[in-house]
Structures are given as C-alpha cells and as structure tokens.
Amino acid sequence: LPRVRPQLPTPLPEDNFRLTVDTAEQRVGWTMNVTLSDGREFQGVLLRVDERSLHFQRFLGRGEMIFPVAKKDVVKLELEQ
C-alpha cells in the first residue's frame with residue numbers, strides 16, 4: 001500500500017517571521033528545502049531541533065530516512081510551497 005504523507009497547510013505570511021536555523025523550531029513538521037554550505041540541496045520534513053542540529057525526514061521511494069544536519073552547515077531554509 002502506498003504511504004500517505006500528511007499535507008500541512010502553507011503558513012500565512014508573517015511580517016516579522018524569517019526562517020533561519022535559529023527560528024526553524026517554530027516550523028517543526030513542515031516540509032523545507034534545505035541548502036548546505038557544500039552546495040548540496042534536499043527537501044525534507046523538519047522533525048526536531050536541538051542545540052547543534054536540525055533533524056529531517058526524507059521519503060525515498062518506498063522508504064524513508066531520518067538524519068541530523070549540523071546547524072553550522074545550513075546556509076538556506078525555505079518552506080516548501
């Protein structure tokens with residue numbers, strides 16, 4: 001059976017909100033496009049944030065993977081529209 005991925009509504013624009021590694025915890029559960037300092041990019045669901053890392057879930061074919069990304073390695077975060 002195909003896995004159903006929950007769809008979250010697009011957040012309403014907030015004049016004073018800027019998505020950064022320091023504010024990402026406010027968007028746990030949202031799908032994000034992530035750009036790393038080495039130029040790699042990926043799309044994943046932000047699961048949690050700790051002192052040093054952002055933890056993402058990616059769906060790959062029939063499976064998924066959960067992995068941390070060091071905050072210092074993230075150069076850009078964008079909410080998936």
Mind running side-chain contact (heavy atoms from CB on, under 4.5 Å) on N33 and E41 for me, showing each step along the way? CA-CA 7 Å; N33 295 313; E41 298 176 341; over 6 Å; no
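- For A24 against V49, the heavy-atom pair with the smallest separation is C-CG2, 4.3 Å.
- Nearest heavy-atom pair, E64 versus I66, reported as atom, atom and distance to 0.1 Å: OE2-CD1, 4.3 Å.
- Annotation: side chain of F42 is in contact with side chain of V34 (closest heavy-atom distance under 4.5 Å).
- For the pair T20 (side chain) and D22 (backbone), a donor-acceptor distance under 3.5 Å is present.
- A chain of hydrophobic side-chain contacts below 4.5 Å, direct or via other Ile, Leu, Val, Met, Phe, Trp or Tyr residues, connects F67 to W30.
- Put simply, NZ on K72 and OG on S53 are 9.5 Å apart, with the number rounded to the nearest 0.5 Å.
- A 4.5 Å side-chain heavy-atom check between T31 and Q43 finds at least one atom pair inside the cut-off.
- Residue M65 holds its CE atom at 6.0 Å from CZ of R58, rounded to the nearest 0.5 Å.
- Here the shortest heavy-atom pairing between R48 and V28 reads CA-CG2, 4.3 Å.
- In this structure, the separation between CD on E25 and CG on D50 is 9.0 Å, given to the nearest 0.5 Å.
- To the nearest 0.5 angstrom, Q57 atom CD is 5.0 Å from L47 atom CG.
- For the pair L54 and M32, the minimum side-chain heavy-atom distance is 4.5 Å or more.
- Taking both residues in full, the closest heavy atoms of K71 and V21 are given as O-CG1, 3.9 Å, listed atom of the first, atom of the second, then distance.
- Using a 4.5 Å cut-off on side-chain heavy atoms (C-beta onward), L36 and V74 make contact.
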